[in-house]
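Below is a structure I'd like to ask you about.
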Number of protein chains: 2
Amino acid sequence: MDGTGTDKLGAPLPTNPTISDVAQRAGVSRAVASRALSDEQRPVSAEKKARVLQAAQELGFRPNLLARSLTTKSVNLVAVVVNHIHDLSDLDLFDPLLAAVQNTGKQVIFVRVGSSDRVESFLRTGVAYHVDAAIVFSDFADAATVRTLFRSELVLMLNGRHDPESPAVIPDERVGIAEAVAHAAAQGVRTAALVTGRPTSVLEQARIRLYHAALAAHGIRLTASLQGDYSYASGHKAGEELAQAPRPDAIFCTSDAMAMGVLDRLRGDFPGGRATTTRLYGFDNLSLTDFDAYPISSIGFDKQAYVAAVIAVLTGAATGPWPLTLPTRFHPRLTG
Amino acid sequence: MDGTGTDKLGAPLPTNPTISDVAQRAGVSRAVASRALSDEQRPVSAEKKARVLQAAQELGFRPNLLARSLTTKSVNLVAVVVNHIHDLSDLDLFDPLLAAVQNTGKQVIFVRVGSSDRVESFLRTGVAYHVDAAIVFSDFADAATVRTLFRSELVLMLNGRHDPESPAVIPDERVGIAEAVAHAAAQGVRTAALVTGRPTSVLEQARIRLYHAALAAHGIRLTASLQGDYSYASGHKAGEELAQAPRPDAIFCTSDAMAMGVLDRLRGDFPGGRATTTRLYGFDNLSLTDFDAYPISSIGFDKQAYVAAVIAVLTGAATGPWPLTLPTRFHPRLTG
DNA sequence: CTGTTAGCGCATTCAG
DNA sequence: CTGAATGCGCTAACAG
């Protein structure tokens, strides 16, 4: 107890008070102080509890939750594992997620995996691996591997690489895609191009299959299939290629950012954002599609519901069977 | 050591091996195991070190860095304190920051303060308060308060509310604003409107003063001053108001998002994004301004340099005097 | 170079 | 209801 400072009576005040300091000041044992300071109801006399609380207050005591975790086996920390956080869709998701997790009394440690090949390097700094739970957006590993990495029972897979044992939440994109394609068909669309993202993602693969099935069901012919990486730039590039050939009646993109790139490259087809010849469909239902310049018809799920589902898993309110699925709907805008 | 599983020889394998398990398996003491597993060079015989490393490998041992921190007093954790992460500018900043911090071998706890009045609620969950350092973007508190909250010596203030004691990095917006206003003046701009963000931020107040000074220096008359909250929606609203009155020659916004809102509302003035009568200037130099639809002239600093400065402070490479300042430059685009 | 001991801050036995 | 003792996983200080 390294004192720097004194209280009103001149007694030394430790700068980093521990529960021992509090106990001493309150004239009780450490155990009593611990019980008094506990969130739960523990046997302490009202009088001593008051003394302890006051002492803690005066000392500015803040329990070292890391030390506490040694005995309780719970750190009140959850890891959020992401590839990166620079997609436009991340803004709509991570902020409410962060708020919701913190509301449960836990804090979030953000683990950015980056390119999957560097995973090894961050394996060494193991702080994250003793968290209470891991929420995995990154598709760097499958459920079994992630479970091994995080010695936690609670590994929540959101990347589609779950197995029957692992809690998982995934959007059910069937309805949304079916609605979008049906909408296109109703507008007389007969040919379409598909602009996709990284093919290594299992979620993306499923999405592509759903598009193929829906297009086939409506007799829409797929004239081109271009691969991007979800980014605006890759959408712009896809638009460039599409501009070379006869335009399809509709362009479906598996991200809104790519649709924005396509839209900008093919502006002539969308005067004022409104579709004339070619119809444009995005994916994610970004809040950015409410901006006037990018009124892109899109497919998306309810972010609040998604976050709520994640929290439910985290708190044990949801118990499977896994995966939990979340309905995805079509949201028409000017381009489609 | 709760065994579930066996190794090749049938010996029980603990699921959550501690250093004791490793030591036992290697046939050495805990201290030797600890030294062998240490990152630094500690006295261990080569032979025993090899045995320990192999045992650790076989057991899948991962040190509990939280327990380690109890004695080393260093958790390898830094807290990043933000109001929220839903501004477009956040995407450009937090991802490289996260990557850079992790590169130093530390992990990041993201603390979202939200509206400042809820600070009390998250005060209780004290996990974050025993971190090695705190990087404070949120303007929820001044340097002295933050220092008290985080018992850390290392509180890096990025919100402008620093004091001489606290390490701080802030953009020097003087040059960028001067350049932008000079650019406008050179185009014959004589009247201007200013669209600002939250006036409670000291950085914002300084920014507004700089605009006033620069405008006055060039004899540009300020015809309107509107207050937004940095968001697209608030910019749209400001554009609405500006549409009611005779247009000023130029509109300066203290965020690109607001400029995007203004631009969309006043599209007629910017056919194809190019300025005709009114010139538009944003702030932040968002990567989004490289999208065709929002070619907004903007003011910003080098994000890489900013992150580098933050890391320099964190690692002790930068030692003051504080604050460190970062030059901000004007980046002309179609609107200005 | 090695092993033993002590202690980080805390919660939890277990006797009183 | 209380307090002394024990241990969580690990490393630092010490003696061999």
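A note on names: the letters A, B, ... follow the listed sequences, proteins ahead of strands, and every chain is numbered from 1. Predicted, not measured: the structure shown is a model, and the values here were computed from it.
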Applying salt bridge (charged side-chain N to carboxylate O under 4.0 Å, His left out), can you list everything that pairs with A:D163, at least two apart in sequence or on another chain?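 Testing A:D163 for salt bridge (charged side-chain N to carboxylate O under 4.0 Å, His left out), a comparison that skips the adjacent residues, returns A:R147.
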
Applying side-chain contact (heavy atoms from CB on, under 4.5 Å), can you list everything that pairs with B:D142, at least two apart in sequence or on another chain?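 Listed in chain order: B:A144, B:T145, B:R161.
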
B:N64 vs A:V44, nearer the 5' end of DNA chain D by closest nucleotide: A:V44

Closer to the 5' end of DNA chain C via nearest nucleotide, is it B:S45 or A:S20? B:S45

List for me each residue that meets salt bridge (charged side-chain N to carboxylate O under 4.0 Å, His left out) alongside A:D87, sequence neighbours excluded, and say none if there are none.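 Expected list: none.
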
Residues which pass side-chain hydrogen bond (donor to acceptor under 3.5 Å, both in side chains) with A:E47, listed by chain and number, not counting sequence neighbours: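 So A:E47 forms a side-chain hydrogen bond (donor to acceptor under 3.5 Å, both in side chains) with A:R51.
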
Return a single string for nucleotides 11-16 of chain C, one symbol per nucleotide in 5' to 3' order, where B is base contact, S is sugar-phosphate-only contact and - is none, cutoff 4.0 angstrom on heavy atoms. BB----

To the nearest Å, give me how far apart CG (A:L59) and P (C:dG9) are. 14 Å

List for me each residue that meets side-chain contact (heavy atoms from CB on, under 4.5 Å) alongside A:D92, sequence neighbours excluded, and say none if there are none.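 By the side-chain contact (heavy atoms from CB on, under 4.5 Å) rule, A:D92 matches A:L286, A:S287, A:K303.
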
Restricting to side-chain hydrogen bond (donor to acceptor under 3.5 Å, both in side chains), what partner residues turn up for A:S29, sequence neighbours left out?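 Result, side-chain hydrogen bond (donor to acceptor under 3.5 Å, both in side chains) vs A:S29: none returned.
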
Could you give the angle between the helix axes at the two ends of the helix from C:dC1-D:dG16 to C:dG16-D:dC1, with five pairs per end, rounded to 10 degrees?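 Result, rounded to 10 degrees: 40°.
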
Just jot down the salt bridge (charged side-chain N to carboxylate O under 4.0 Å, His left out) partners of A:D95, sequence neighbours excluded, or say none.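 If we apply the salt bridge (charged side-chain N to carboxylate O under 4.0 Å, His left out) test to A:D95, skipping adjacent residues, the hits are B:R112.
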
Aromatic rings A:F137 and A:F94: how do their planes relate, parallel, tilted or perpendicular, breaks at 30° and 60°?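 Perpendicular, since the angle between the ring planes exceeds 60°.
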
So where does chain A start and stop touching DNA chain D, 5' to 3', when the test is distance under 4.0 Å to a non-hydrogen atom? D:dC1 to D:dG9

Going by ring pair (Phe, Tyr, Trp, His ring centres under 6.0 Å), name the residues that satisfy it together with B:F61, two or more places apart in sequence or in a different chain.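 Ring pair (Phe, Tyr, Trp, His ring centres under 6.0 Å) list for B:F61, sorted by chain: empty.
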
Not counting sequence neighbours, which residues clear side-chain hydrogen bond (donor to acceptor under 3.5 Å, both in side chains) with A:S20? List them please.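 Checked A:S20 against side-chain hydrogen bond (donor to acceptor under 3.5 Å, both in side chains); zero matches.
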
Think B:K73 has a side-chain N or O under 4.0 angstrom from the OP1 or OP2 of C:dG9? yes

